[in-house]
Amino acid sequence: MLPVFTATHGLLLAALSLVPTRLSCASPPVPDIPNIATYFGTKSRYEEVNPDLLRDILSVNRTVLRPPPGESCSPVHLTAVIRHGTRYPTLKNIRRINRMCELVRREASRGSEGWLQDLRTRWESWYTEDMDGQLVMKGRDDLRHLARRLASMFPSLLSEENVRRRRISFISSSKHRCVSSVEAFQDGLRQLYGRHDDPPEYSHEVDDKLMRFFERCRGYVDSVENNRTALMEVEKFKHGEEMEALRRRTAERLGLPLQRLTPDLVEAAFFLCSYELSIKSVHSPWCFLFDESDAKVLEYKSDLKQFWKRSYGHLVNRMSSCPLFHHVFRTLDKAGRPRRATEAAPEPASILVGHAETLLPLLSLLGLYKDQTPPTATNYQSQHGRSFRTSRIVPYAANLLFVLYDCRRGPRLQLLLNETPLRFPGLRAEDAPLYRDVRAAYRHLLDGCDFHRECEGRAESRGPNTEL
């Protein structure tokens, strides 16, 4: 892990280890986590990225390092771009799950293993279509606990006074799971400071131009979202050697005719394992259907989709996030500019809650997690060491943190992903480079990332994308 740059006045700049809170009684401990749990892609639990979250808060020490020699620093602003918490499957996956369950119950014929008997005779699907992507209780816990940890890391920014005086801005996507998540984050701060408003008062703005920019980018909608050839690599892999071998193994384990088991149904069974763990903290019998090599193939299929649909696969994917990119830097500019003693203090924190498809384009625009060789349908075997792994990058409650500090030589900016320090591409000599150096590194985007030019205007007509 990278060393962490911190301030001298008892204020944390970041922590090498997490400062977790105890899981609530609504989230019982998991005694037996499937060995494939680290391969669930965008359906991964945050705990798989940061397993220390399962520890008691008092048992984890915060590791503090000093700022560069001769400097003293204090945090002045936090911008956090956060994915919503754990959710139910979306409608498309609920229907696939129910088809897979019915197929196994009616036609599976092989094996005496206990897990297979459970699937055939005991396990019943409890997923209903009205769940369609809604936030679950565990998802609320995800955001409540994240709020408490960030307040512990940056106590002067997410302070009780700043919460009480509503100095912190909250922005959300219009999707219900995001609105519920931003409310849960505010609940976490209230609970930390002993406030128990009944009913609670929430203060947030819904802004899809920022948090669902991809829907408004005509160039993206036409050339990627509604263009089947844009995801040709995904389709080739879906019917390629690795997936076909996995489909045959899965059919054999279940005693199903191969022609009855489509790649989508294999993936639905894999998702079932992930949903049972993330929503109910259960090691589902569905998990025994896959070993680690199977899980790696399915994770790669998911990563291929995200790479070509949301990340480096097409230039417009990342350029569509220009509005969010500019919003972040305008906020940082305002927080870091010199001010007279009589001027009001800058906004201490801005909390923005969106989706995996909000974070991935922005991360790509910043040049993060870009491998030398892009993933394709034919290079699976050479991609095992890739950095672009959505299981690690955008689990539920993923968060990208921009932390601005007032330092002797000028403002400094630190980047963290999922509460872990991350260095800016091209500025790898320092964990918290001078803000002017960060702006210089992204000058081409600050001057040239124009949403209307890149996207050719707003798309006027498209259906909502609810998949991620």
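All values reported here derive from a predicted model rather than from experimental measurement. If you read the sequence from its start, that first residue is 1, and numbering goes on from there. Both backbone and side-chain heavy atoms feed into the values below; hydrogens, waters and symmetry mates do not.
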Item to check | Polar side-chain atom of Ser180 near backbone of Arg177 as donor-acceptor pair, under 3.5 Å | outcome: no

Item to check | Separation of Asp132 CG from Leu91 CG (nearest 0.5 Å) | outcome: 5.0 Å

Item to check | Test item: Asn317 side-chain N/O and Ser311 main-chain N/O as donor-acceptor pair under 3.5 Å | outcome: yes

Item to check | Evaluation steps, side chain to side chain donor-acceptor pair (under 3.5 Å), between Ser203 and Gln186 | outcome: CA-CA 8 Å; Ser203 175; Gln186 294 175 71; 5.3 Å; no

Checklist entry - Is it true that Arg423 and Glu430 make a salt bridge, defined as a side-chain N closer than 4.0 Å to a carboxylate O? => result no

Checklist entry - Does the pair Tyr39 and Glu292 meet the rule for a side chain to side chain donor-acceptor pair (under 3.5 Å), with working shown? => result CA-CA 8 Å; Tyr39 302 105; Glu292 190 172 10; 2.5 Å; yes

Checklist entry - So do Leu254 and Met100 actually touch side chain to side chain, heavy atoms under 4.5 Å? => result yes

Checklist entry - Would you call the rings of Phe288 and Trp115 parallel, tilted or perpendicular, where under 30° means parallel and over 60° means perpendicular? => result parallel

Item to check | side chain to side chain donor-acceptor pair (under 3.5 Å) between Gln134 and His176, worked out | outcome: CA-CA 7 Å; Gln134 300 292 305; His176 189 277; 2.9 Å; yes

Item to check | CG-CZ distance between Leu265 and Arg96, expressed to the nearest 0.5 angstrom | outcome: 8.0 Å

Next on the checklist: Run His355 and Ser173 through side chain to side chain donor-acceptor pair (under 3.5 Å) and show every step you take.
Outcome noted: CA-CA 8 Å; His355 309 263; Ser173 153; 2.8 Å; yes

Checklist outcome for this item: Residues Leu332 and Leu404: closest non-hydrogen pair is O-CD2, 3.5 Å

Checklist entry - For His326, does the NE2 atom have more than 12 heavy-atom neighbours from other residues, nucleotides or ligands under 6.0 Å away? => result yes

Checklist entry - For Tyr369 and Tyr312, what are the C-alpha separation, side-chain angles and deciding distance, and is it a ring pair (Phe, Tyr, Trp, His ring centres under 6.0 Å)? => result CA-CA 10 Å; Tyr369 299 102; Tyr312 294 105; 9.3 Å; no

Item to check | Residues in disulfide (SG to SG under 2.5 Å) contact with Cys178, at least two apart in sequence or another chain | outcome: none

Checklist entry - Hey, is the main chain of Asp141 close enough, under 3.5 Å, to the side chain of His145 for a donor-acceptor pair? => result yes

Checklist entry - Is a side-chain N or O of Tyr442 found less than 3.5 angstrom from the main chain of Leu366, in a donor-acceptor match? => result yes

Checklist entry - In terms of ring plane angle, is the pair His384 and Tyr380 parallel, tilted or perpendicular, where the classes change at 30° and 60°? => result perpendicular

Checklist outcome for this item: Scanning both residues in full, the closest heavy-atom pair of Gly41 with Ser391 reads N-OG, 2.7 Å

Checklist entry - Got a salt bridge between Asp291 and Arg253, using NZ or NE/NH1/NH2 to carboxylate O under 4.0 Å? => result yes

Checklist entry - Is Arg386 salt-bridged to Glu299, cutoff N-O under 4.0 Å? => result yes

Checklist entry - Taking side chain as C-beta onward, heavy atoms only, is Arg212 less than 4.5 Å from Phe214? => result yes

Next on the checklist: To check you understand the geometry: which heavy-atom pair defines the closest contact between Arg195 and Val163, and what is its length?
Outcome noted: NH1-CG1, 3.9 Å

Checklist entry - Is the Phe270 to Phe290 ring centre distance short of 6.0 Å? => result yes

Next on the checklist: Any salt bridge linking Arg144 with Glu183? Criterion: basic side-chain nitrogen under 4.0 Å from a carboxylate oxygen.
Outcome noted: no

Checklist outcome for this item: d(Leu261 CG, Arg249 CZ) to nearest 0.5 Å is 12.0 Å

Next on the checklist: In terms of relative ring orientation, are Tyr275 and Phe271 parallel, tilted or perpendicular, with 30° and 60° separating the classes?
Outcome noted: perpendicular

Next on the checklist: For Thr358, run the side-chain contact (heavy atoms from CB on, under 4.5 Å) check against Met211, His84, Arg83 and tell me which one passes.
Outcome noted: Met211

Checklist entry - Measuring from Phe40:CZ to Leu277:CG, what's the distance to the nearest 0.5 Å? => result 6.0 Å

Checklist outcome for this item: Closest non-hydrogen contact found for Ala230 with His314 is O-NE2, 2.9 Å

Checklist entry - With ring centroids as reference points, do Phe213 and Phe451 lie under 6.0 angstrom apart? => result no

Checklist entry - Is there any salt bridge (Lys or Arg N to Asp or Glu O under 4.0 Å) pair reaching into residues 392-406, and which pairs are they, with sequence neighbours excluded? => result none

Next on the checklist: Please check this pair: side chain of Ser159 against backbone of Asn162, looking for a donor-acceptor N/O pair closer than 3.5 Å.
Outcome noted: yes

Next on the checklist: Could you check whether any side-chain N or O of Tyr88 sits under 3.5 Å from a backbone N or O of Ile94, counting only pairs where one atom can act as donor and the other as acceptor?
Outcome noted: no

Item to check | Glu347 vs Lys334, salt bridge (Lys or Arg N to Asp or Glu O under 4.0 Å): CA-CA, chis, key distance, verdict | outcome: CA-CA 9 Å; Glu347 177 183 75; Lys334 187 175 180 180; over 6 Å; no

Checklist outcome for this item: Closest heavy-atom pair, Thr86 versus Ser278, reported as atoms and distance to 0.1 Å, is CG2-O, 3.6 Å

Item to check | Within residues 320-332 or reaching into it, pairs that qualify as salt bridge (Lys or Arg N to Asp or Glu O under 4.0 Å) - sequence neighbours excluded | outcome: none

Checklist entry - Looking only at atom types and distance, does a side-chain atom of Ser350 sit under 3.5 Å from a main-chain N or O of Thr79, one as donor and one as acceptor? => result no

Item to check | For Ser387, all residues meeting side chain to side chain donor-acceptor pair (under 3.5 Å), sequence neighbours excluded | outcome: Asp371

Item to check | Under 3.5 Å side-chain donor-acceptor pair for Tyr193 and Glu161 | outcome: no

Next on the checklist: Would you say that Pro421 contacts Val403 through its side chain, given a criterion of any heavy-atom pair below 4.5 Å between the two side chains?
Outcome noted: no

Item to check | Nearest heavy-atom neighbours spanning Pro395 and Asn418 | outcome: CD-ND2, 3.9 Å

Item to check | Non-neighbouring partners of Cys449 that pass disulfide (SG to SG under 2.5 Å), sequence neighbours left out | outcome: Cys322

Checklist entry - Do you know which of Leu365, Leu362, Leu360 makes side-chain contact (heavy atoms from CB on, under 4.5 Å) with Arg318? => result Leu365

Item to check | Ion pair check, Glu102 and Arg99, cut-off under 4.0 Å | outcome: no

Checklist entry - Are Arg439 and Asp333 ion-paired here, with the side-chain N under 4.0 Å from a carboxylate O? => result yes

Next on the checklist: Can you confirm whether more than 12 heavy atoms, excluding those of Arg106, are under 6.0 Å from its CZ atom?
Outcome noted: no

Item to check | Under the ring-ring contact (aromatic ring centres under 6.0 Å, His included) test, residues paired with Phe325 that sit two or more places apart | outcome: Phe329

Item to check | Heavy-atom check, side chain of Tyr300 versus side chain of Pro375, under 4.5 Å | outcome: yes

Next on the checklist: Main chain of Val206, side chain of Ser174: is a donor-acceptor contact present, judged purely on distance under 3.5 Å?
Outcome noted: no

Checklist entry - Got a salt bridge between Glu267 and Lys301, using NZ or NE/NH1/NH2 to carboxylate O under 4.0 Å? => result yes

Next on the checklist: Would you compute the distance between atom CD1 of Ile82 and atom CZ of Phe170 and round it to the nearest 0.5 angstrom?
Outcome noted: 9.0 Å

Next on the checklist: Salt bridge or not between Arg389 and Asp303? Use side-chain N to carboxylate O under 4.0 Å.
Outcome noted: no

Checklist outcome for this item: Interatomic distance, CG@Leu150 vs CG@Asn399, rounded to 0.5 Å, equals 6.5 Å

